[in-house]
Amino acid sequence: VFRAFGSATTIFGKQKHDRFLFFVLRGELQLHLRDKDGHEMLLALLGPGDCCGEGPLFGDLFRRMSATATTGCYLFHVPLADLQEALVDLPELNAALNRIHQRRMLESTLTRIPLLSSLLPVERFALANMLRHSSFSRGSLIIRQGDHANSLYLIERGQVSVEQDGRTVATLADGDFFGEIALLSGHPHRASVRAITPTDMLALPAADFHALLYEQPNLEANLRMVVEQRNRRRVLLERDDGS
């Protein structure tokens, strides 16, 4: 079906369970997503030749996006139920849509991290190319207290515990990050981090981390604020244990 949308029209929303794949034929639209703190963030700008709405094809029903036309748009949309049947005989199209989906999920993970809220979509796109994906089973040790830092870790999915001297001092989940204190200070890790659930991680190597901070001084300022907050919580926890 071919459809036309006027400027500023919502094409689909986070609460609507749309079942269409949209191809942009003419015009531009924006994809939005809420970050971990509930702020609406710009995920991507789409133009002719781009598509969106592919998530349900690959089981992604938990990260709802919204799409809004920024100009008058002509879109071609295909019911997902019909497309899913056709993809059995179209392996190349299925693979191409899956690559788009995986890339969009990676970018949506970065969008949902408040620390990265100052980055533009094109900058998050560049950052995504630097990240290394890894998975950890329940109970696996991700970093060990006393080891030297080699990456900043971003939690894509799952939960981890932060353990200092054998004691749990914090629990982190989707959209959180860790490893920044050792990277900024140049000292060994002050705590271990262990997966509580099966966990998917994105790691930013140390060299890329420092290059990013050099290019994005606002990001470094935000990061140091987080470090200060975490240090204050650690001091309060130590005082509580001491009493």
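Annotation for R103: atom CZ counts as buried by contact number, over 12 foreign heavy atoms lying within 6.0 Å. Y74 OH: 12 or fewer foreign heavy atoms inside a 6.0 Å radius.
Salt-bridge formation is detected for the pair E54/R104: a Lys NZ or Arg NE/NH1/NH2 atom is positioned less than 4.0 Å from an Asp or Glu carboxylate oxygen. Remark: R224 does not engage E228 in a salt bridge, criterion side-chain N to carboxylate O under 4.0 Å.
Minimum heavy-atom separation, G53 to L21: C-CD1, 4.1 Å. Shortest non-hydrogen contact noted between A69 and G6 is CB-O, 3.5 Å. Closest approach of P188 and G146 over heavy atoms only: CB-O, 3.3 Å. Among all heavy-atom pairs drawn from P48 and G27, the shortest one is CD-O, 3.4 Å. The shortest non-hydrogen separation linking L106 to A128 is CD2-CB, 3.6 Å. Nearest heavy atoms, P121 versus L43: CB-O, 3.9 Å.
Of the N and O atoms on the side chains of T111 and R124, at least one donor lies less than 3.5 Å from an acceptor on the other residue. Counted by atom type alone, S140 and S137 present one or more donor-acceptor pairs between their side chains at under 3.5 Å.
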(request) Start with the C-alpha distance between L42 and L45, add both sets of side-chain angles, then the distance that settles side chain to side chain contact (heavy atoms under 4.5 Å, CB included), and finish with yes or no. (result) CA-CA 8 Å; L42 177 61; L45 298 170; 4.2 Å; yes
(request) Would you sort out whether R194 and I142 count as a side chain to side chain contact (heavy atoms under 4.5 Å, CB included), showing the intermediate values? (result) CA-CA 6 Å; R194 188 181 305 274; I142 300 171; over 6 Å; no
(request) Please assess M65 against C52 for the test side chain to side chain contact (heavy atoms under 4.5 Å, CB included), listing each intermediate value before the final yes or no. (result) CA-CA 10 Å; M65 301 175 191; C52 58; over 6 Å; no
(request) List the steps and the verdict of side chain to side chain contact (heavy atoms under 4.5 Å, CB included) for S161 and T168. (result) CA-CA 6 Å; S161 62; T168 299; 4.2 Å; yes
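Side chain of T197 to main chain of Q159: a donor-acceptor pair is present (N/O by atom type, distance under 3.5 Å, no hydrogens or angles). The backbone N or O of T199 sits nowhere less than 3.5 Å from a side-chain atom of R138 that would complete a donor-acceptor pair. With hydrogens and angles disregarded, a donor-acceptor distance shorter than 3.5 Å links the side chain of T70 to the backbone of E28. At distances below 3.5 Å, at least one donor-acceptor pair connects side-chain atoms of Q145 with backbone N or O atoms of D165. Between the side chain of D50 and the backbone N or O of G47, at least one donor-acceptor pair lies under 3.5 Å.
Considering only heavy atoms from C-beta on, F5 stays 4.5 Å or farther from T71 through its side chain. The closest side-chain heavy-atom distance from F136 to D200 is not below 4.5 Å. Counting heavy atoms from C-beta outward, R19 and P56 have side chains that approach closer than 4.5 Å.
With hydrophobic clusters built from ILVMFWY side chains whose heavy atoms lie under 4.5 angstrom apart, M130 shares a cluster with I113. In the hydrophobic cluster analysis, where Ile, Leu, Val, Met, Phe, Trp and Tyr join through side-chain heavy atoms closer than 4.5 angstrom, L141 is grouped apart from V160. When hydrophobic clusters are built by joining Ile, Leu, Val, Met, Phe, Trp and Tyr residues whose side-chain heavy atoms come closer than 4.5 Å, directly or via intermediates, V226 is grouped together with L213. Under the 4.5 Å side-chain heavy-atom criterion for ILVMFWY residues, a single connected hydrophobic cluster contains both L152 and L184. Residues V193 and L172 share a single hydrophobic cluster, defined by chaining ILVMFWY side chains whose heavy atoms lie under 4.5 Å apart.
Rounding to the nearest 0.5 angstrom, the gap separating the NE2 atom in H101 from the SG atom in C51 is 11.5 Å. The distance from atom CG of L110 to atom CD of E156, rounded to the nearest 0.5 Å, is 8.5 Å. Taking NE2 of H133 as the start and CG of L154 as the end, the distance is 11.5 Å to the nearest 0.5 Å. Distance CG/N98 to CE/M105: 11.0 Å, rounded to 0.5 Å. Rounded to the nearest 0.5 angstrom, I11 CD1 and L75 CG are separated by 5.0 Å. Here the straight-line distance linking atom CD1 of I196 with atom OG1 of T171 works out to 4.5 Å at 0.5 Å rounding.
When each of T9, T68, V24 is checked for a side-chain contact (heavy atoms from CB on, under 4.5 Å) with L29, only V24 meets the rule.
Scored by the ring pair (Phe, Tyr, Trp, His ring centres under 6.0 Å) test, F178 finds Y153 as partners (sequence neighbours excluded). For S192, there are no side chain to side chain donor-acceptor pair (under 3.5 Å) partners at least two apart in sequence or on another chain.
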Could you pull out all donor-acceptor pairs under 3.5 Å where a side-chain atom in residues 77-95 meets a protein atom, sequence neighbours excluded?
none

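At least one test fails for R3 against the ring of F22: distance under 6.0 Å to the centre or angle within 45° of the axis.
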